[in-house]
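Just below is one structure, and these are the notes that go with it.
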Amino acid sequence: MGRNRFRAGLRAGLTGVLTAGVVAGLGGFAPGAGAAQASYDGAARGSLVVSSPGPVGDPERGTRRVVFVGNNWDGTADVVAPGSFERLGRLDVVPDYDERMQEIAANPYRLAYFLAIRTAIGEGNDQFVDDMYSSNDGRLVVISRPSFADVVAISLKTKKIVWRFEVDGVRSDHMAVSPDGKRVVVSASTGNVVHVLRIKDGAEVGTFPSGGSPHESVFLDGGKRILHASIGTVYSPLDDPDVPDPLEGERVLQIVNARTLKVKRRYDVRQALDDAGLEKVSISVRPLTLSPDEKKIYFQLSFFHGFVELDRRTGEITRFKRLPNLVKSTPRPAYVLDSAHHGIAMNPKGTRLCVAGTMSDYATIVRAKSFKRTRLLKGGEKPYWVTPSADGKYCYISWSGTDTISRISYRRARIVDTIDVGNHPQRIRNGFIRKGFVEDLGEADPRMPAGTTG
């Protein structure tokens, strides 16, 4: 069936399906209840169908470093050269779009939640790429696709899906990759669990529990542990300091044993904030970063313009930094998924932090020792993620509202380059690709499904 005819037919079938009850129900979705029964090409979930990251160490022989940029609303990923900061090509990350949409259209339950994600989280758009990592050999890129509630590995040579894994619930979210590049963890944001998958074939190694809306994960201690946070009901009005914490969903900051997948410690973020004099600040932990020795955790919080520093051993908030709020007249419900700030990354030397002031449309560099900020950098709209470059000289930032990315010099605290990418760039990750694959990357067309805002 032609894509345009399929979308036209789907548009007629979608009218009137989404209700406020579905949107409200996203937070209470039972683990596993919404997992689709059919898997890619009829194979068992997570199995190999045909035939690590933010990389660690030097490229393998025959590979080169690249930067992957996920264009969430386009269903594409741009591949960028870190040296010249030029685009090398664009990948289609939903080559199975028609198949997935036919499955969703045939399942009223899945369809309702698909539309709820579009309305409540996607700002009227479908979400096709939240996070991505390449394999260390540069042959695969692994992508979480929220609207399709799955994770796929796409061959960087053939551009075809190698394996597909369906997460518990109805939405996949943030990922993290082990230092050896062999495992990837993905948050099932309505399933309240985190899946651990083998990168080579997508097989599930196990899961570990989370709170409501599992979110960010980071490997610690050379891959022995995982730091993980859940964020609660950020898509509803319930995440408000004046609403009792239990009504906002369970929000956790925890350390997990990466081998046994047992939760070893949960931090009491509420008590830590209260002790620091931040009684009215939400406990929903957003993006986070660590000091080079991994003794300090720096993280952002819902509605908070700034970030805090937490001592990993004691669980105490030792310092916090307030940053300019340039949208004081904006009502809380207008904040994008409660994200006053959404993006923070410390440089490898541990001397500076790069921060995305999402609602205020700026980036800034903060000196780690003094917590003094530098100038506000106005390079675009709605900055939504930052990550350090592989050489540690820059932080990459996505300006999701203006469809660009920039690299910012940590040392000079200024924007060095900005380039155009696809629609609504979010996650940026360092990665690898086989040198022989670069010439044939091509330029994939963006996906603009029926009913999205563009």
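All heavy atoms count here, side chains included; hydrogens, waters and symmetry mates do not.
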For the ring pair H195 and F208, is the centre-to-centre distance below 6.0 Å?
-> no

Classify the ring geometry between H305 and H341 as parallel (under 30°), tilted (30 to 60°) or perpendicular (over 60°).
-> perpendicular

Is a donor on one side and an acceptor on the other found under 3.5 Å between the side chain of [X] and the backbone of [Y]?
X: Q300; Y: V308; value: no
X: D268; Y: A272; value: no
X: D403; Y: V421; value: no
X: H228; Y: E216; value: yes
X: K321; Y: F371; value: yes
X: S360; Y: L326; value: yes
X: S406; Y: I408; value: no
X: D126; Y: F114; value: no
X: S178; Y: R183; value: yes
X: T358; Y: H342; value: yes

For [Y], is the NZ or CZ atom of [X] found under 6.0 angstrom from the centre of its six-membered ring and inside 45 degrees of the ring axis?
X: R352; Y: Y410; value: no
X: R65; Y: F432; value: no
X: R332; Y: F303; value: yes

Would you check if there is a donor-acceptor pair between the side chains of S339 and R286 at a distance under 3.5 Å?
-> yes

With a 3.5 Å cut-off and no angle check, do the side chains of R251 and S284 form a donor-acceptor pair?
-> yes

Any side-chain heavy atom of Y384 within less than 4.5 Å of one from W399?
-> no

Any side-chain heavy-atom pair of W163 and V142 under 4.5 Å = yes

Test side chain to side chain contact (heavy atoms under 4.5 Å, CB included) applied to Q426 and N71, N72, V69, V129, the passing residue | N72

Could you please spell out the steps behind the salt bridge (Lys or Arg N to Asp or Glu O under 4.0 Å) verdict for D173 and R171?
-> CA-CA 7 Å; D173 202 52; R171 186 177 182 276; 2.7 Å; yes

Check against salt bridge (Lys or Arg N to Asp or Glu O under 4.0 Å), R427 and D130 | CA-CA 6 Å; R427 216 72 65 234; D130 184 89; 2.7 Å; yes

E250/R266 salt bridge by N-O under 4.0 Å criterion = yes

Would you call R87 and E443 a salt bridge, using N to O less than 4.0 angstrom?
-> yes

Salt bridge (Lys or Arg N to Asp or Glu O under 4.0 Å) evaluation trace for D311 with K296 = CA-CA 5 Å; D311 185 283; K296 300 290 186 182; 3.3 Å; yes

Taking atom [atom1] as the centre, does [X] end up with more than 12 heavy-atom neighbours from other residues, nucleotides or ligands that are less than 6.0 angstrom away?
X: K393; atom1: NZ; answer: no
X: K157; atom1: NZ; answer: no
X: R319; atom1: CZ; answer: yes
X: R411; atom1: CZ; answer: no

Candidate pair K382 and E123, rule salt bridge (Lys or Arg N to Asp or Glu O under 4.0 Å), full reasoning | CA-CA 13 Å; K382 200 169 69 170; E123 302 175 64; 2.8 Å; yes

Could you walk me through whether F307 and F320 pass the ring pair (Phe, Tyr, Trp, His ring centres under 6.0 Å) check?
-> CA-CA 6 Å; F307 60 90; F320 61 89; 9.8 Å; no

With rounding to the nearest 0.5 Å, note down the distance linking OG in S134 to CG in L140.
-> 9.0 Å

